[in-house]
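Lettering of chains follows the sequences in order, A, B, ..., and the numbering in each one begins at 1.
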There are 2 protein chains.
Amino acid sequence: MAMETGKDCIVRHFSRYGSLSEIERKRLSALEESRIPTEKGEPLWLEGDEARHFCTLSAGWAYAYRHFADGTRHILELFLPGDVIGLQEFPFQRRLSSVAMLEAGEVRPFSHHHLLDFFRDSSRLTALSFAAASYRQALLGARVVHLSRRSARQRIAYLLFELFSRLKRTGEALDDRFRVPLSQQHFADTLGLSSVHVSRTLTVFREERVLERSRDWIHILDPSALAREAGVSESLHEGLVDSH
Amino acid sequence: MAMETGKDCIVRHFSRYGSLSEIERKRLSALEESRIPTEKGEPLWLEGDEARHFCTLSAGWAYAYRHFADGTRHILELFLPGDVIGLQEFPFQRRLSSVAMLEAGEVRPFSHHHLLDFFRDSSRLTALSFAAASYRQALLGARVVHLSRRSARQRIAYLLFELFSRLKRTGEALDDRFRVPLSQQHFADTLGLSSVHVSRTLTVFREERVLERSRDWIHILDPSALAREAGVSESLHEGLVDSH
DNA sequence: CGGGGTTTTGAGATGACTCAAATATGGTGG
DNA sequence: CCACCATATTTGAGTCATCTCAAAACCCCG
């Protein structure tokens with residue numbers, strides 16, 4: 001796996017939401033002291049742990065999940081390289097969900113404290129932190145909508161589209177192919193389906209020549225058909241104002 | 001409907017997330033200039049409108065929703081008296097979802113601009129704004145989990161528990177009865193079920209003497225049975241640190 | 001009282017589930 | 001480089017929760 005662009009992971013993340021001055025860039029990258037390599041499946045923290053830091057994911061994918069008494073697992077969020085993890089838990093004492101790596105990668109932790117420093121002396125970095133959190137929230141809102149009262153076809157189409165859009169945004173999906181290191185069980189736990197049904201539905205998509213999946217790769221053969229199925233509006237990925 | 005506590009709606013909302021100094025209280029309530037009465041069903045804004053302000057809901061319930069091409073409506077969020085609406089759209093140019101009143105009420109608008117003022121000169125109010133946004137996000141995350149791969153019984157139990165918890169928090173649910181101005185169609189659109197099935201499920205709960213519903217009122221007869229069914233952890237409503 | 005919206009009930013259809021077995025795939029050590 | 005193992009995916013068969021459509025009952029509001 002490409003250890004993505006050695007430094008300035010957090011600078012690049014924040015830059016998504018607005019431009020940064022040289023001073024602000026310096027300020028941000030000064031925070032990136034430690035880089036922690038992580039293994040596939042390694043948990044970053046568990047639900048209920050004390051929440052004292054957040055981190056950027058500089059390489060590899062991760063996911064936030066909760067386990068329930070009946071043994072089921074639900075995946076709340078998928079984190080892609082360059083994303084910030086745990087920012088939204090800032091006002092809570094404890095983690096609301098567990099987070100684990102989907103594959104080997106690297107994270108860079110930051111104390112929640114630094115966020116308070118931003119609040120105190122950089123309204124620009126504050127606004128961008130707020131924007132990052134709001135963007136994440138918008139993704140969740142879209143997922144609420146697309147999970148409820150939609151068929152398995154629609155849910156899968158939607159998730160693939162979301163991932164595709166996000167990967168394009170960070171330049172990781174070049175053409176219509178992109179890598180998705182999720183098993184069908186992960187899809188199922190993200191979408192609220194059984195893994196068996198995910199398999200069947202992907203097979204139907206393949207037979208219809210809408211998309212292909214081999215190994216960790218997804219190849220979208222008919223983007224417009226998939227978009228139609230997903231009921232997708234790209235609005236989430238546009239319309240971000242440059243935090244004023 | 002009781003026009004809730006004339007003033008300082010926003011002060012009370014922010015106080016949920018941490019204590020405020022006298023100066024900060026003054027600062028906040030100075031923002032509450034206009035009070036706009038709203039009618040049942042009245043939209044506050046529509047998806048795609050320009051997003052330039054947010055508001056507190058000083059009386060009445062509201063909901064955020066999206067309409068889809070196939071004619072279905074999905075409800076993303078329910079807003080209770082005292083809640084802030086539209087805060088999370090701060091970094092976006094346009095509304096991500098429509099918001100309308102469920103009943104007559106009153107809102108108090110604030111320009112997004114005021115938020116930037118907080119960022120510039122009050123780290124405390126900034127932290128509390130961030131906390132408010134994160135709390136909303138936590139609610140959404142919980143909803144993602146409880147909507148996917150759960151039975152109609154579990155979904156309905158969960159929603160009622162969420163509403164009950166939130167109303168207790170603001171002192172509007174005294175004993176086990178509380179007012180819920182939602183039709184079964186609203187429940188259905190919130191939970192991703194058909195209204196027919198909502199009706200059947202509520203009937204079963206009534207026969208099992210778990211809860212009763214008459215008119216706009218819910219009476220929880222067996223709270224522990226409902227909590228069990230909901231698979232609820234109250235953690236969301238505890239564990240808010242006093243924003244450091 | 002009458003009428004529109006909401007809720008309830010019935011009946012039949014179906015999408016997604018579970019369990020179970022067969023097959024494919026990738027990773028590892030000999 | 002191959003054989004083997006563990007894991008992931010596919011396929012089959014039967015079941016069940018929830019859906020749709022439709023009609024009846026209910027209930028608030030005027």
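- When heavy atoms are screened at a 4.0 angstrom cut-off, B/Ser183 is found touching the sugar-phosphate backbone but no base atom.
- By the 30° and 60° cut-offs, the orientation of the rings of B/Phe68 relative to A/His146 is perpendicular.
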(Q) Generate the contact string for nucleotides 20-30 of chain D. Rules: B means base contact, S means sugar-phosphate contact only, - means no protein heavy atom under 4.0 Å. (A) BB------SS-
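- Residue A/Lys40 contributes atom NZ, which lies 12 Å from atom C1' of D/dA6 at whole-angstrom precision.
- Distance A/Arg213 CZ to D/dT9 C1': 9 Å, rounded to the nearest Å.
- The environment of CZ in A/Arg52 is sparse: at most 12 heavy-atom neighbours from other residues, nucleotides or ligands sit within 6.0 Å.
- Within 4.0 Å of B/Thr203, counting heavy atoms only, lie sugar-phosphate atoms of the nucleic acid but no base atom.
- Of all heavy-atom pairs spanning B/Cys55 and B/Phe110, the tightest one is CA-CD1, 4.0 Å.
- C/dT8 atom P lies 14 Å from atom CZ of B/Phe205, rounded to whole Å.
- The nearest heavy atom of DNA chain D to A/Leu202 and to B/Gly192 marks one nucleotide each, and the one closer to the 5' end goes with A/Leu202.
- More than 12 heavy atoms of other residues, nucleotides or ligands lie within 6.0 Å of CZ in A/Arg153, so this atom counts as buried by the packing criterion.
- Between its opening and closing five pairs, the helix from C/dC1-D/dG30 to C/dG30-D/dC1 changes axis direction by 50°, a value rounded to 10 degrees.
- Within 4.0 Å of B/Arg153, counting heavy atoms only, lies no atom of the nucleic acid at all.
- In this model, the phosphate group of C/dG5 is not approached by any side-chain N or O of B/Gln184 to a distance below 4.0 Å at OP1 or OP2.
- Going from atom CD1 of B/Ile218 over to atom P of C/dT7 covers 11 Å, rounded to whole Å.
- B/Leu221 has its side chain within reach of B/Glu212: a pair of non-hydrogen atoms, C-beta onward, lies under 4.5 Å apart.
- Contact annotation: B/Arg155 does not reach the phosphate of D/dT18 (side-chain N/O to OP1 or OP2, under 4.0 Å).
- Across the protein-nucleic acid pair, B/Asp216 atom CG and C/dT6 atom C1' stand 12 Å apart, rounded to whole Å.
- For the pair A/Arg16/A/Thr170, a side-chain contact is recorded, criterion being any heavy-atom separation below 4.5 Å from C-beta on.
- Ionic pairing of B/Arg73 and B/Asp189 is present here: one or more N-O contacts between side-chain nitrogen and carboxylate oxygen are shorter than 4.0 angstrom.
- Taking the six-membered ring for Trp and thresholds of 30 and 60 degrees, A/Trp45 and A/His53 have ring planes more than 60 degrees apart, a perpendicular arrangement.
- Taking atom CZ on A/Phe187 and atom P on D/dA8, their separation rounds to 14 Å, with Å as the unit.
- Counting non-hydrogen atoms under 4.0 angstrom, A/Ser195 reaches nothing in the nucleic acid.
- Within 4.0 Å (heavy atoms only), B/Leu193 reaches sugar-phosphate atoms of the nucleic acid but no base atom.
- B/Arg150 has its CZ atom 16 Å from the C1' atom of C/dC17, to the nearest Å.
- In terms of modelled atom types and a separation under 3.5 Å, the side chain of B/Ser58 and the main chain of B/Glu106 share a donor-acceptor contact.
- Under the 6.0 Å distance and 45° angle rule, B/Arg136 does not count as a cation-pi partner of B/Phe54.
- One can place CD of A/Gln154 at 14 Å from C1' of D/dC19, the figure rounded to the nearest angstrom.
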